[in-house]
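To start, the structure under review is shown below, and the notes come after it.
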2 protein chains.
Amino acid sequence: MNKRATAKDVADAAGVSRTTVSFVLNNIEGMRISEETRQKVLQAAEALNYHPDASARSMVKGKTFILGFVIRQEPDKAYADLLLPEVMRGISEVASEHGYHMIFKPVPPEDEKNSLTTLFLEHQVDGLIVSGPLSKDQEIVDLFNAHAPIILQGRIDYPNIPSVDINNRKAAEKAVNHLISLGHRQIAFISNASLQYSSCKDRLSGYRRALENAGIIYDDALVFYGDRTPDSGYQAMKNILGSSLKPSAIFIASDTVALGSLNTLYQQNIRVPEDIAIMGFDDIPLSKHLAPPLSTIHIPAYKLGWNAANLLINWLEQEETPQHDCILETELIVRESCGSRQK
Amino acid sequence: MNKRATAKDVADAAGVSRTTVSFVLNNIEGMRISEETRQKVLQAAEALNYHPDASARSMVKGKTFILGFVIRQEPDKAYADLLLPEVMRGISEVASEHGYHMIFKPVPPEDEKNSLTTLFLEHQVDGLIVSGPLSKDQEIVDLFNAHAPIILQGRIDYPNIPSVDINNRKAAEKAVNHLISLGHRQIAFISNASLQYSSCKDRLSGYRRALENAGIIYDDALVFYGDRTPDSGYQAMKNILGSSLKPSAIFIASDTVALGSLNTLYQQNIRVPEDIAIMGFDDIPLSKHLAPPLSTIHIPAYKLGWNAANLLINWLEQEETPQHDCILETELIVRESCGSRQK
DNA sequence: TAATGATGCTAACTCGTTTTAGCAAAACGT
DNA sequence: ACGTTTTGCTAAAACGAGTTAGCATCATTA
């Protein structure tokens, strides 16, 4: 690049001032520019292939036009989550529409560099969407209290931070109710991640409530933990099979984790759903293609991202904090892994 | 935020000039600052929670410290590709290490807004990694000729643009050779995407070469097309089964696409590998968890991203164009979907 | 004692925009 | 013919850093 053209170059080429160039190219209302000058400027800009410098514009506007999308997880786990791309797609679509870009970054909770805060304080981004926060996440609370535009994709034990989420507890309850309705009473649980995460805690609590409503005694021994990866599901299922427990059904609070669990079953020649019923959660795009197709809870991931981005951009442009949380509906998707479908 | 603190605020608080603040905080060599002043500045910066403004820094440095990662696909297809997260992980890890951020954006080839060029000319990014370019991609060629730092993740019919890739042809050949070695001679092909993409063309050509080397006549009728999504694999497999062809094996040039194809087979009660052998390509993280675990070609996706990012950052920091392409090795992964493993 | 050198700091310019305030010249009204 | 308004443009001040050149002050040397 033989140096990018600046507004000054355009001004010189068109024989006008930088100010005029700016007025013309930004279509400023109320500034009277003759049609003749306007054309001269437009042509010069075209000829020089002029594009205004983003940093310079940012500085004077006080806005970067960049959104930060942060996952509160270790990078390897963040990228393993198969629901994530859908959320990203929702965000980036809205961002593009409004002329924003998106910086994506996994920032684990124990991050000692405070990358979340830094991202905002260095003004790399205008606002943040934080996915999968911990229940207690002081960094997020501090940022919010410092008036950082921040939208949670998930829930946190602190009021008033605007969020976009599903009702994890209700959804999990729905899932387990389905299993119960099919006659299962010995139902194990594999979590999507550790209980530090609010989504985890809520799903577990939904599982528990469904059991109790059906008069089934909740048993800690039936609860196992995944970490968002298929490998963790593989291992958890091994643990279940290796134990003396003989659940007739398992509710796995993440399809991604369930993938690994299904593999364990496949390896041990245990048939799904004939020998054991498997209920997933998330409805990742490939769940319907698994063998057997996974019954699960559909999360509107794209819409989650879409809503989060819209709330955030609205906040940025209107300068007013969103007043309401946005809770999207989930849906029980019955496929074949629970055996409820007549074949 | 009651307004972010600026360098001037720190200077005032510490009772020194802005220049001194800058010298202290950036640890400029050769500038002699007394330990006393240094501490005063550091304390003031700490107290005010000072973070230098990214835009301002960008402007004066002439660098944004942002890398652009662009996928040459429609957003829905880009986000459906299950290998992508691994590549992203590689890029973002290297980027983080060097103090760069990453803007991710799918930019389809027919994009009428020239988003790729704009991203660079507006100086939103310092350089670009472009994944999955078309064979002919004039916009990329133009950018490169304008000296934009750009690394391809894939190949293009134009010399000298630095790239990180695998040898798609050789890898496909390896895959098909495996099927042939198992005795298959009627082998169908489902592509990963349309032939405009170089990776597609190369995989098809590898398939063809393997057949010809084995004395098997290549037949256009056995070639089907996917579009990177499981759904396309589902449909392509239906087409195959609906035809009069009776291939004993199918090479599917994308595990993501294969997922859908496996579903078709499951639905029609066709057993893999007993009734038909399936060979994948990509080795997406979940391939080993499928039922049956998919035999495939391993692509070092993380390393692909890692190398691309390193090449690019090196280019940016050393100001010299990389001289060599970087071709990474693939590996045949034999699992169960081709029936080669004794159970 | 005066010249020289090192030490410790700062004034002022730069980056490329947007935007405010205002200045000429032309058009208008009385 | 003189004031007023409108039209069309520009000078200059931001924005918040990094950086160059140079100025005092104090210590050292001749």
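To find a chain, count down the sequence lines: A is the first, B the second, and so on, and within it residues start at 1.
Residue-to-nucleotide proximity on DNA chain D shows that, of S22(B) and V16(A), the 5′-proximal contact is made by V16(A). Nearest-nucleotide positions on DNA chain D place A56(B) closer to the 5' end than the other of A56(B) and T19(B). Both F23(B) and F23(A) sit near DNA chain C, but only F23(B) has its closest nucleotide nearer the 5' end.
Across all strands, T6(A) comes closer than 4.0 Å only to sugar-phosphate atoms, never to a base (heavy-atom distances). Residue-level contact check: T37(A) touches the backbone only, with heavy atoms under 4.0 Å from sugar-phosphate atoms and none from bases. Within 4.0 Å (heavy atoms only), S34(A) reaches sugar-phosphate atoms of the nucleic acid but no base atom. The residue R57(B) sits close only to the backbone: its heavy atoms come under 4.0 Å of sugar-phosphate atoms, none of a base.
The phosphate of dT10(C) (OP1 or OP2) has a side-chain N or O of S17(B) nearer than 4.0 angstrom. Between dA17(D) and Y50(B), a contact under 4.0 Å exists linking OP1 or OP2 to a side-chain N or O. In terms of phosphate contacts, K61(B) brings a side-chain nitrogen or oxygen within less than 4.0 Å of OP1 or OP2 of dT19(D).
The distance from atom CG of D9(B) to atom P of dG16(D) is 9 Å, rounded to the nearest whole Å. Residue N26(B) contributes atom CG, which lies 13 Å from atom P of dT20(D) at whole-angstrom precision. In this structure, M31(A) atom CE and dT6(D) atom P are separated by 15 Å, rounded to whole Å. When the P atom of dA17(D) is taken as reference, atom CG of L25(B) falls 10 Å away, rounded to whole Å. Straight-line distance from the CD1 atom of I28(B) to the C1' atom of dT10(C): 15 Å, rounded to whole Å. When rounded to the nearest whole Å, the span between CD of E35(B) and P of dG8(C) equals 11 Å. Protein atom CD of E36(A) is 14 Å distant from nucleotide atom C1' of dT7(D), rounded to whole Å. Look at CG on D53(A): it is 6 Å from C1' on dG16(C), rounded to the nearest Å.
Across all their heavy atoms, E139(B) and S115(B) have their closest contact at OE2-N, 4.2 Å.
Ion pairing of R57(B) with D53(B) is absent here, as no side-chain N (NZ or NE/NH1/NH2) approaches a carboxylate O to less than 4.0 Å. Of the charged side-chain nitrogens involved, none lies within less than 4.0 Å of a carboxylate oxygen, so that E74(A) and K77(A) do not count as a salt-bridged pair. A salt bridge links R72(A) with D137(A): the closest approach of a Lys/Arg side-chain nitrogen to an acidic carboxylate oxygen falls below 4.0 angstrom.
Centroid-to-centroid, the aromatic rings of F104(A) and F104(B) stay 6.0 Å apart or farther.
Geometrically, R18(A) does not engage F23(A) in a cation-pi contact, judged by NZ or CZ lying under 6.0 Å from the ring centre and within 45° of the ring axis.
Comparing dA17(D), dC9(C), dG16(C) by their nearest atom to the side chain of M59(B) picks out dG16(C). With distances taken from any side-chain atom of A7(B) to the nucleotides dT7(C), dA17(D), dC9(D), the minimum falls on dA17(D).
A donor and an acceptor atom never sit less than 3.5 Å apart when one is taken from the side chain of R32(A) and the other from the base of dT6(D).
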